[in-house]
Amino acid sequence: MERTLSIIKPDGVGRSIIGEVVKRLEENDLKIIAMKMIWMTKKQAQGFYAVHKERPFFDSLTDFMSSGPAVVMVLEGDNVIARYRNIMGATDYKEAAEGTIRKDFATDIEKNVVHGSDSPESAAFEIGYFFNQFEIAV
Ligand code: CMP
């Protein structure tokens with residue numbers, strides 16, 4: 001069993017596609033074991049994306065991620081990190097496969113609707129960033 005962090009980013013929440021994203025997770029047997037709406041401060045977004053702090057898009061990305069509410073979820077299942085990344089599609093929606101969330105809804109490489117952890121190590125950090133043990137339904 002593996003866990004991953006999913007975020008429906010402020011563009012997804014603002015465009016009222018929370019339900020659409022959740023439907024795709026459930027249709028693909030990705031089990032949601034924790035879920036809440038948050039609104040990150042710029043500082044919290046900078047902490048979350050600290051691995052990207054040297055990247056040219058860091059300031060813009062953290063502005064965007066703190067621009068409105070987001071939905072954070074913990075998903076659990078066999079190989080869930082890779083399975084969820086397949087459903088999300090490539091970071092750049094222009095390269096995303098047909099039928100993926102980003103292909104269908106992203107408008108920009110930055111405003112790409114969803115986030116997913118890229119490894120077990122980042123999943124552990126990212127889940128712990130938003131959830132404590134009492135908020136995860138095991
Ligand atoms: P995410 O999967 O959350 O990981 C880092 C985020 O940075 C990414 O999705 C995009 O929102 C953003 N991002 C990644 N690459 C670029 C880029 N080249 N230009 C702008 N934003 C990017």
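In listed order, ligands and their atoms are each counted from 1. For reference, positions follow the sequence shown, starting with 1.
- Applying the ring-ring contact (aromatic ring centres under 6.0 Å, His included) test to F130 and every residue at least two apart in sequence or in another chain returns F48.
- Rounding to the nearest 0.5 angstrom, the gap separating the CZ atom in R83 from the CG atom in D78 is 7.0 Å.
- Contacts of ligand 1 (protein heavy-atom distance under 4.0 Å) are K9, Y49, H52, F57, L61, T91, R102, I109, E110, N112, H115.
- With rounding to the nearest 0.5 Å, the separation of CE in M35 from CZ in F131 is 9.0 Å.
- Counting only distance, with no hydrogens or angles, the side chain of D92 and the backbone of I109 share no donor-acceptor pair below 3.5 Å.
- At a cut-off of 3.5 Å, with distance as the only test, no side-chain donor of K42 or S66 sits close to an acceptor on the other residue.
- Atom CE of M40 and atom CD of Q46 lie 11.5 Å apart (nearest 0.5 Å).
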